[in-house]
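Working notes for the structure below.
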2 protein chains.
Amino acid sequence: MARYPGISLSVTRRMPRYYRFLAELMANGVERISSREFAELTGLTASQIRQDLNCFGGFGQQGYGYNVAALHTEIGRILSLDKRLPTILIGAGNLGLAVGNHMKFDEQGFQLIGIFDSNPQVVGQEIQGIRVRSINEIQSFCLENRPVIAILCIPRSAAAELSGDLVGWGVKGFWNFSHYDLSVAHGDQIVVENVHLGDSLMTLSFRVNELIDQ
Amino acid sequence: MARYPGISLSVTRRMPRYYRFLAELMANGVERISSREFAELTGLTASQIRQDLNCFGGFGQQGYGYNVAALHTEIGRILSLDKRLPTILIGAGNLGLAVGNHMKFDEQGFQLIGIFDSNPQVVGQEIQGIRVRSINEIQSFCLENRPVIAILCIPRSAAAELSGDLVGWGVKGFWNFSHYDLSVAHGDQIVVENVHLGDSLMTLSFRVNELIDQ
DNA sequence: TAGATTGTTAATCGATTAACAATC
DNA sequence: TAGATTGTTAATCGATTAACAATC
């Protein structure tokens, strides 16, 4: 059974945001904060913050507010950031490299254990101390090392071909930078976080054009 | 006045998705599609698709459905992808480089006209034929070239410092990869598309842990 | 004309906001 | 105790889904 059944995706998506602002508050030496102050800081409403947090437990204290450090720790635990889910990165092009080098996987619940690419010029190079393997080795690697997470920094067609296999080899979560819509294909056996940069950019185009066409 | 007043953000965010699937359908030689078929393909409901599209106009035909190519063109026009909003990229580290090299700005409504970094080792290098300028030149560049969009691939602190200036120099839209929450600071004078990769990763952590903790 | 499918209104559902009693 | 602020319930709002008349 899930630890927190019935948590909506809207609530889930706000938790990392809270976590981020709490870290900032800690860095600034703030010890306690009320939902009203926190709302002002984050641009949300106090009601929403209290209700969101209460999905997971009563972390505040009436008349006082929330202890910043304690709440930060709680949310980290809720998000399972102390776990080390074995993770592979597929595609070591521009984007794969940036993601591999830029993210702090160990602080966010993941451990990068393998990197794969189809380009022979890239295979053998090291990223963060991990040697890039040929995509041909991916099956044996997965069967042996049982990654739970796959990060897809590959083109649409490659993602479409590979994703079924990955699911078959036991991958449960995808961080998907490809244009392939995994969730449509694999339903709710798996969890997919899409980062559709192109969609985001087109959304920006629409919204800015709405703003400036006055 | 905005061209399409009252369009919700939820609807806006689905438009690029439709655009993407329509391009795919065109590539596969599909000429027409009903809302029911399109719903199955995209994982949405037929009702939602019809209602979304009708926010912008009646693009379908009773008894027939939607012409794929025509609808694709319409959505491209709605999203203003044929515009060339002058755009600068700030931060040419791992992530900035990947974004600069990976995205097809010209197909999505933008024209990259300047790249800036504070690292002297990076300044002078070329990315997509554009010379990386020193961050010290950014004010004069902005006053002269009037970029409308800024892509922020810089740390939180740098974003906090710079964003006010950029708004002052006329930047209206931000594609924000930094951890700084621009929208909180600058309200609705500007449009911000956040790409909080860390938040996305933490959300994945939570969701996968919920899935596997059975 | 008959069948199909849209455009659009009405019903439902879920998420956000407001209110306030509980309590530190 | 009095003031502050949470936890939680009720009210509102918006988004999604269902239904169906219009029409190609």
Side-chain angles (χ1 to χ4, degrees), chain A residues 4-18 21-22 25 30-72 74-75 78 183-184 188 203 206-207, chain B residues 4-18 21-22 25 30-72 74-75 78 183-184 188 203 206-207:
Chain A
Y4 305 104
I7 300 290
S8 77
L9 195 53
S10 320
V11 173
T12 300
R13 287 201 190 287
R14 280 191 294 270
M15 298 309 284
R17 190 182 168 82
Y18 295 146
F21 274 98
L22 289 165
L25 285 168
V30 178
E31 259 183 36
R32 61 164 286 270
I33 195 162
S34 70
S35 58
R36 192 183 49 74
E37 291 166 313
F38 201 45
E40 200 163 332
L41 189 67
T42 57
L44 303 169
T45 69
S47 252
Q48 187 163 55
I49 289 169
R50 291 205 300 278
Q51 209 163 56
D52 283 356
L53 296 178
N54 267 81
C55 294
F56 300 97
F59 304 130
Q61 191 170 302
Q62 280 100 329
Y64 172 84
Y66 299 85
N67 179 291
V68 171
L71 187 57
H72 183 262
E74 278 298 344
I75 295 181
I78 291 164
S183 34
V184 178
D188 42 72
T203 302
F206 177 80
R207 294 175 63 201
Chain B
Y4 305 104
I7 299 290
S8 76
L9 194 54
S10 320
V11 173
T12 301
R13 289 201 188 289
R14 280 192 293 270
M15 299 310 284
R17 187 182 170 82
Y18 295 145
F21 275 97
L22 289 165
L25 285 168
V30 178
E31 258 184 35
R32 60 163 286 269
I33 195 161
S34 70
S35 58
R36 193 183 49 72
E37 293 166 312
F38 201 46
E40 199 163 332
L41 189 68
T42 56
L44 302 170
T45 68
S47 252
Q48 186 164 56
I49 289 169
R50 291 205 300 278
Q51 209 163 54
D52 283 355
L53 296 178
N54 266 80
C55 294
F56 300 97
F59 304 129
Q61 193 170 301
Q62 280 99 330
Y64 172 85
Y66 298 86
N67 179 291
V68 171
L71 187 56
H72 184 262
E74 277 298 345
I75 295 182
I78 290 164
S183 34
V184 177
D188 43 70
T203 302
F206 177 80
R207 294 174 64 203

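Source: prediction; values computed, not measured. Every chain is numbered from 1, with letters handed out A, B, ... down the list of sequences.
Expressed to the nearest 0.5 Å, how far CG of L41(A) lies from CG of L22(A) amounts to 9.0 Å. Taking CZ from R13(A) and OG1 from T203(B), the interatomic distance works out to 5.5 Å, rounded to the nearest 0.5 Å. M15(B) contributes atom CE, which lies 7.5 Å from atom CZ of F206(A) (distance to the nearest 0.5 angstrom).
Contact annotation: S35(A) side-chain N/O to dT6(D) OP1/OP2 distance is under 4.0 Å. In this model, the phosphate group of dG7(D) is approached by a side-chain N or O of Y66(A) to a distance below 4.0 Å at OP1 or OP2. For dT17(C), one of the phosphate oxygens OP1 or OP2 lies less than 4.0 angstrom from a side-chain nitrogen or oxygen of T45(A).
V184(A) and E40(B) make their closest contact through CG1-O, 4.2 Å (heavy atoms, listed as atom of the first residue, atom of the second, distance).
Both R50(A) and Q61(A) lie close to DNA chain C; mapped to their nearest nucleotides by heavy-atom distance, the more 5′-ward contact belongs to R50(A). Taking the nucleotide of DNA chain D with the nearest heavy atom to each of F59(A) and G63(B), the more 5' of the two is matched to F59(A). Comparing Q62(A) and R36(B) by the nucleotide of DNA chain C that holds the closest heavy atom to each, the one mapping nearer the 5' end is R36(B).
Listed candidates were dT17(C), dT23(D), dA19(C). Nearest to the side chain of Q48(A) is dT17(C). Of the candidate nucleotides dA15(D), dG7(D), dT17(D), dA15(D) has the atom lying nearest to any side-chain atom of S10(B). Checked against dT5(D), dA15(C), dT5(C), the side chain of R32(B) finds its nearest nucleotide in dT5(C).
Protein atom CG of N54(B) is 16 Å distant from nucleotide atom C1' of dA18(D), rounded to whole Å. One can place CD1 of I49(B) at 9 Å from P of dT6(C), the figure rounded to the nearest angstrom. As rounded to whole Å, 18 Å separates atom P of dT6(D) from atom CZ of F56(A). Between the CG atom of L9(B) and the C1' atom of dA15(C) there is a distance of 15 Å, given to the nearest Å. Between D52(A) atom CG and dT17(C) atom P there is a gap of 10 Å when expressed in whole angstrom units. Between E37(A) atom CD and dA4(D) atom P there is a gap of 12 Å when expressed in whole angstrom units. Distance CD (Q51(A)) to P (dG7(D)): 12 Å, rounded to an integer number of Å. Remark: P of dA4(C) and CD1 of I33(B) are 17 Å apart, rounded to the nearest angstrom.
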Item to check | Nucleotide-level pairing of DNA chain C, given in dot-bracket where Watson-Crick and G-U pairs need both distances under 3.5 Å and | marks other strands | outcome: ..||||||||||||||||||||||
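Contact annotation: side chain of S47(A) to base of dA18(C), donor-acceptor pair present below 3.5 Å.
Counting only heavy atoms from C-beta outward, the side chains of Q61(A) and R32(A) never approach each other to under 4.5 Å.
In this structure, the side chain of R17(A) engages the main chain of T42(A) through a donor-acceptor pair within 3.5 Å.
Counting only N and O atoms by type, the side chains of S34(B) and E37(B) include a donor and acceptor under 3.5 Å apart.
In this pair, Y18(B) and F38(B) present their aromatic rings tilted. The plane angle is within the 30 to 60° band.
Among the protein residues, F38(B) comes within range of no part of the nucleic acid, since none of its heavy atoms lies under 4.0 Å from any strand.
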